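This report concerns only the one structure given below.
Within every chain, numbering begins at 1; the chains are lettered A, B, ... in the order of the sequence lines, protein sequences first and strands thereafter. Hydrogens, waters and symmetry mates play no part in the numbers below; they use all other heavy atoms, side chains included. The structure displayed is predicted, hence computed values, not measured ones.
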Amino acid sequence: MINCNCQYIKYFPCLLINDWIDYMREVLQNILRSALNKARDSGDIELSEVPSFTVEKPREARFGDFYTNLAMVIASRLTRKPRDVANLIKNNINGYSNLISKIEIAGPGFINFFMTPDFWLEGLRDVVSKDSGYGSLGIGRNEKVLVEFVSANPTGPLHVGHGRGAVIGDVLSNILKKAGYDVDKEYYINDVGLQMETLGISTLIRYKQILGENAEFPENGYKGDYINDIARDIILKKGNYFLQTTDKESLPFFIDFSAGVILNGIKKDLENFGIVFNRWYSEKSLYEKGMVDEIIKWLKEREFIYEKDSALWLKASAFGDEKDRVVRRGTGYYTYLASDIAYHKEKYERGFKKVINVWGADHHGYIPRIRSAIKALGFDNKTFSVLLVQLVNLKRGGEVISMSTRSGEFTELSHVVKEVGKDAVRFFCMMRSSDSHLDFDLNLAKEQSSENPVYYVQYAHARICNILKQAEVCKIKIPDVLSINLQPLKLSEELSIIKKILIFPELIEKMAVSLEPHLITHYLLDLSGDFHSYYNKYRVISDDNDLTIARLIMVKALGVVIKNSLNILGVTAPEEM
RNA sequence: GCGCCUGUAGCUCAGUUGGAUAGAGCAACGGACUUCUAAUCCGUAGGUCGUAGGUUCGAAUCCUAUCAGGCGCGCCA
């Protein structure tokens with residue numbers, strides 16, 4: 001509860017308001033409706049019903065804190081000029097002087113609202129008292145959400161491209177958690193099929209070659225050095241035992257062993273990258289539990305699957321895909337689609353209300369297939385979404401490092417993380433919208449300069465911490481947040497910073513709804529820029545005690561938002577640099 | 001040929017559920033440390049929003065066509 005003596009208490013009855021701005025938007029909507037009613041009662045406006053209108057934040061500060069298109073929306077129905085209508089509405093808004101400082105009519109007929117500084121200042125108390133809980137929303141209503149990401153085949157180490165998907169999935173999960181969803185993070189392991197066989201053969205051939213046998217390496221085999229390492233490992237453990245067995249007998253061991261080693265490597269790489277999954281879901285287990293057979297049978301019974309040319313086809317074209325898709329080949333082997341259908345059915349059966357997949361953009365052709373399968377299974381396909389992640393161009397000083405197998409060493413995620421650090425890689429991966437290509441320059445990411453956005457943000461945080469430390473050194477006593485006089489914060493820079501701090505919950509909501517996690521880095525850079533500017537121009541700690549305390553609260557709130565944002569990104573918020 | 005993504009300042013990109021004079025950062029030039037950290041700040045420039053139509057009070061944003069780049073179109077994953 002707000003139990004201070006502030007005069008705005010009637011507008012903000014309790015701290016259950018998670019989103020200051022959204023709440024204000026509602027208040028303004030109501031004010032506008034009642035103004036409209038008044039105008040109607042006095043006969044100034046004849047209108048049978050109020051059409052829907054918006055109250056939004058303008059892009060630029062000079063257009064006020066909120067604007068509405070109400071006058072423009074109803075003007076055409078009244079066959080009157082929007083600006084005249086706007087004036088009528090404006091004249092019918094009275095008695096909110098403690099909340100609204102100015103109402104302006106501008107442009108084609110926008111009504112712009114300028115809030116009183118006090119309105120914004122009050123929001124600050126909320127930020128500081130909620131601290132790490134600031135920005136947490138209830139919009140998720142604790143609904144279960146599954147975010148599946150990375151899911152790279154265990155046939156080789158992760159490269160930077162996987163890393164980008166990994167960060168996006170991880171940060172998106174954090175955002176959804178912050179928005180109030182119950183989020184599970186999952187990695188789907190493709191541990192059956194042709195690729196696994198190729199992996200096993202690759203290791204087996206290397207094994208033989210190392211032991212001096214004359215064996216030819218397959219054209220499509222995995223050529224990386226790690227295969228040799230695994231082969232040597234097997235020699236250490238089993239000696240030349242597999243020279244006596246047939247390939248067919250040896251293969252299962254080679255597959256399992258290789259995949260196991262590689263998967264462990266992947267797990268370790270991700271752990272070093274700050275990513276922890278709730279579950280590693282094995283494709284193989286779907287087969288072992290008979291779930292694939294079961295769901296194919298189920299779909300067959302409902303005639304969503306038919307047989308043609310000795311193969312089984314999913315009637316995907318009946319559910320929005322451009323053609324039907326094979327789920328079981330003529331050879332009797334299932335395609336990946338078959339197990340994917342079983343997997344997604346299983347996701348829904350585990351109770352997830354939203355199913356989100358983060359995929360490389362090269363898989364986009366696969367989306368309609370899965371979507372149609374989900375429809376065939378009878379689930380609401382609106383609850384299913386795929387976030388496509390475009391390619392990463394790894395560069396060094398402007399030169400593109402190709403991702404070919406030969407230079408594979410340099411593009412491995414673990415090497416890049418080791419070279420430039422977890423924080424920089426994570427931050428860079430989140431700087432672009434997932435559907436644009438990402439240029440990642442190793443030199444830039446390592447640079448400790450103004451060009452490096454990671455340090456820019458972290459430095460802002462460190463500076464804030466230092467100010468707060470300095471205040472302690474100066475023995476400045478900060479009273480209870482609710483009773484502090486915030487009136488001394490009068491500068492336009494201060495108001496601008498405070499407004500941005502108060503936008504944070506809206507940002508969380510926007511990112512959670514539109515699945516655009518990258519916006520968090522833009523927000524951080526914007527906020528940090530404002531702070532650095534302010535820092536250079538004004539002093540927080542001064543002889544003026546009231547001013548000092550008010551500014552300390554603002555800086556503290558700023559620190560809270562920056563830290564909370566960095567936490568979402570999984571980037572450390574250093575207290576000193 | 002069909003589908004998806006992208007096209008905005010010299011470079012890298014924001015901005016797209018339609019809103020007002022389209023924004024940052026970098027690169028370039030000049031300035032600011034006796035101050036709570038100069039990993040910072042301040043100042044100066046840059047645009048037919050790929051092109052052409054359409055929808056309307058209003059379009060970078062929506063629609064159509066077209067050009068350019070990337071990706072995908074298998075009984076591969």
| ring pair (Phe, Tyr, Trp, His ring centres under 6.0 Å) between A:Y281 and A:Y343, intermediate numbers included | CA-CA 9 Å; A:Y281 201 103; A:Y343 180 39; 4.9 Å; yes

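Contact annotation: A:K510 does not reach the phosphate of B:U17 (side-chain N/O to OP1 or OP2, under 4.0 Å). Regarding contacts with the backbone of B:U17, every side-chain N or O of A:S514 stays at 4.0 angstrom or more from both OP1 and OP2.
A:H518 and A:H522 have perpendicular rings, their planes meeting at more than 60° on a 0 to 90° scale where under 30° would count as parallel. A parallel orientation is assigned to the rings of A:W313 and A:Y306, their planes being inclined by less than 30° (bins at 30° and 60°).
Distance alone, capped at 3.5 Å, is enough to place a donor-acceptor pair between the A:T68 side chain and the A:L70 backbone.
The side-chain contact (heavy atoms from CB on, under 4.5 Å) test with A:I484 is passed by exactly one of A:I549, A:D546, A:V128: A:I549. Applying the side-chain contact (heavy atoms from CB on, under 4.5 Å) test between A:K284 and each of A:I189, A:D256, A:N190 identifies A:D256 as the sole match.
Within the nucleic acid shown, A:Y538 comes within 4.0 Å of at least one base atom, counting heavy atoms only.
Each of A:P108 and A:R325 was assigned the nucleotide of RNA chain B with the nearest heavy atom; the assignment lying further toward the 5' end belongs to A:P108.
For A:N112 against B:A20, a side-chain N or O and a base N or O form a donor-acceptor pair under 3.5 Å. Counting atom types as modelled, A:H363 pairs no side-chain N or O with a base atom of B:G72 as donor and acceptor under 3.5 Å.
A centroid separation of 6.0 Å or more is found between the aromatic rings of A:F66 and A:F114.
Going from atom CD1 of A:I464 over to atom C1' of B:U40 covers 13 Å, rounded to whole Å. Straight-line distance from the CZ atom of A:F53 to the C1' atom of B:G58: 20 Å, rounded to whole Å.
Not a single salt bridge (Lys or Arg N to Asp or Glu O under 4.0 Å) links A:E197 to another residue, sequence neighbours left out.
B:C29 shows a glycosidic angle more than 90° from 0 and is accordingly assigned anti.
Nearest nucleotide to the A:A311 side chain, out of B:C75, B:G72, B:A20: B:C75.
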Could you write out each protein N or O paired with an N or O of nucleotides 32-35 of chain B at a distance under 3.5 Å?
from	atom 1	to	atom 2	distance (Å)
B:U35	O2'	A:R539	NH1	2.9

| remark: Protein-proximity profile, nucleotides 8-13 of chain B, B/S/- by nucleotide at the 4.0 Å heavy-atom cutoff, equals ----SS

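Looking only at atom types and distance, the side chain of A:E148 has no donor-acceptor partner in the side chain of A:Y187 under 3.5 Å away.
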